[in-house]
Amino acid sequence: MRRHDEERFREFAAGQARPLRRTAYLLCGDWHLAEDLTQSVLIRMYRSWPRLERRGELGPYVRRVLVRAWLDEGRRPWRRERAVATLPDAPDPAATGPDDVASHLDARNAVHRALLALPPRQRATLVLRYFDDLSVAQTAAALGCSEGNVKSQTARGLTTLRTHLERSEVR
Amino acid sequence: MTTRDEDLVRDGLNDAVATEPPLRCDAEEIASRARRERSRRRAVLGTVAATAVVAVAGTLLAMPLGQEAAAPRDPVGHGGVTPPPPPLWPVPTADGTYTPRQYEEAAVEGRDRVEEAFEALPAGVRLAEVSRNTLDFDPGNSQQYWSYALTVVTATGTYQAELHAYVDATGRDDASDCATTHFDPCETFPVPGVGQGLYGVEAGDPESRVEVRVEPGRMAWLILDGTFEEPTPLSRQEMTGILADIIR
């Protein structure tokens, strides 16, 4: 890569590493995995950097790569997680795997706990819309789906999230 | 869904990342890792690079003067400062053939490049599936093919495609289906920094085809099955971009 391109990439990586890791953490609920995902996403960006920079729209694009990397990670048998019907009542001290991440979060993070119980696509939609503040069109681009699909996933995600939160308040 | 719900989610998500641990890596480290990974890939692909240099040098020496134009080019203009990108296809052994290992390494690299090429396309286009034809290897032959079957999803539907790459250690070209009567017209166009492209759309059984030739004996082509409603699910530019990424 040419020196100028390399400098531009460093600027991009320096500016995006922390926000990307936050997004990744909200998706997966594990700071270590979030850091790994962030690094692997930025390395992928580096491979095609001059072309990607020419194309523009780097913010939504890098989130698209991140969501795919996270979904791919979830497909690995040792990382697989499932959406659950009800949230766990209390942390399980014996639990260490990503499946059990939701149970580790304290009550202050009730919203995040509820989010982690959503199916992956709904979770990603809510994170991109309400944490990364992407528009419906940008979220659709990042997820590789239609804008209508983003709207329906958002509505379903919010409804399910509210249901989970109400259930956990009742207990 | 109410504005209150949306505000609740926004606040909750911001709370969740309020106490984040320090970042373990910085931009320089990421760039260094990326460079190391690239070097490693180059090393894996270049298992017989030294032999190849000797073979290529021998070939050039054996050429009559005036034929140097066929020698490997530096399409991106790095000159002598930065090494050119690694060749996708393994250079042949001294006898002009390929070992199973060389072939397999190029096949794996090719698949990675297919996936990366699709990631660079505009939103709404994605590669749902890619599989490789593992029966392509032809031991002892200077000509080799790598073939991949693709399932491509766009805003208008799901389409099947084939991507092929071809190399001949002796520099012999494969025949162009685009330039035959299958495709009329077959449009020829330059692919900057790579080589020459050919593009055709078959109307009777909707199918679009792009071929990219880097140099004699090295080409890749993509055949995309369209429909009568959508005969060209990807544009010529998009198809050419994919091939340029594969064969660069």
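Model, not experiment: these values are computed from the prediction. Quick note on labels: first sequence line is chain A, next is B, and so on, each numbered from 1.
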Interatomic spacing from CZ in A:R68 to CZ in B:R126 - rounded to 0.5 Å:
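One finds 7.0 Å between CZ of A:R68 and CZ of B:R126.
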Return the option, out of B:A155, B:G241, B:A27, with the maximum number of heavy-atom pairs under 4.5 Å with chain A.
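Top option by heavy-atom pairs under 4.5 Å: B:A27.
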Can you tell me which of B:V153, B:V125, B:I30 forms the most heavy-atom pairs within a distance under 4.5 Å of chain A?
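The candidate making the most pairs under 4.5 Å is B:I30.
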Over all heavy atoms of both residues, which pair between [X] and [Y] is shortest? Give the atoms and the distance, please.
X	Y	result
A:R64	B:L121	NH1-O, 3.2 Å
B:P22	A:R21	O-NH1, 3.3 Å
B:L23	A:E35	C-OE2, 3.9 Å

Partners meeting side-chain contact (heavy atoms from CB on, under 4.5 Å) with A:N149 (sequence neighbours left out)
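In terms of side-chain contact (heavy atoms from CB on, under 4.5 Å), with neighbours along the sequence ignored, A:N149 is linked to A:C145, A:S146, A:S152, A:Q153.
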For B:A31, is it the side chain, the backbone, both or neither that has a heavy atom under 4.5 Å from a heavy atom of chain A?
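Both parts, backbone and side chain.
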Decide, yes or no, whether a salt bridge links A:R10 with B:D26 under the criterion of side-chain N to carboxylate O below 4.0 Å.
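Result for this pair is no, no salt bridge flagged.
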A:L26 versus chain B, the contacting section by heavy-atom distance below 4.5 Å
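Contact with chain B is through the side chain of A:L26 alone.
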Heavy-atom distances under 4.5 Å only: say whether A:L143 touches chain B with side chain, backbone, both or neither.
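Contact with chain B: none, neither part.
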Might you work through the side-chain contact (heavy atoms from CB on, under 4.5 Å) test for B:L8 and A:L165, ending with a clear yes or no?
CA-CA 11 Å; B:L8 178 75; A:L165 287 171; 3.6 Å; yes
Does any non-hydrogen side-chain atom of B:D15 lie less than 4.5 Å from one of A:V111?
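Contact flag for A:V111/B:D15 side chains = no.
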Is any side-chain heavy atom of A:Y130 less than 4.5 Å from a side-chain heavy atom of B:N14?
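A:Y130 does not reach B:N14 side chain to side chain.
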Between B:L13 and A:Y25, does a side-chain contact (heavy atoms from CB on, under 4.5 Å) hold up when you go through it step by step?
CA-CA 10 Å; B:L13 297 184; A:Y25 170 69; over 6 Å; no
Yes or no on side-chain contact (heavy atoms from CB on, under 4.5 Å) for A:D36 and B:R24, after CA distance, side-chain angles and deciding distance?
CA-CA 10 Å; A:D36 289 348; B:R24 281 183 283 137; 3.9 Å; yes
Can you establish whether the number of heavy atoms outside B:Q237 located under 6.0 Å from its atom CD is more than 12?
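Open.
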Quick check on A:R22: does its CZ atom have over 12 non-hydrogen neighbours (other residues, nucleotides or ligands) under 6.0 Å away?
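Yes.
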Give a yes or no on whether the backbone of B:E119 and the side-chain of A:Y61 come within a donor-acceptor separation of less than 3.5 Å.
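Looks like yes, one N/O pair under 3.5 Å.
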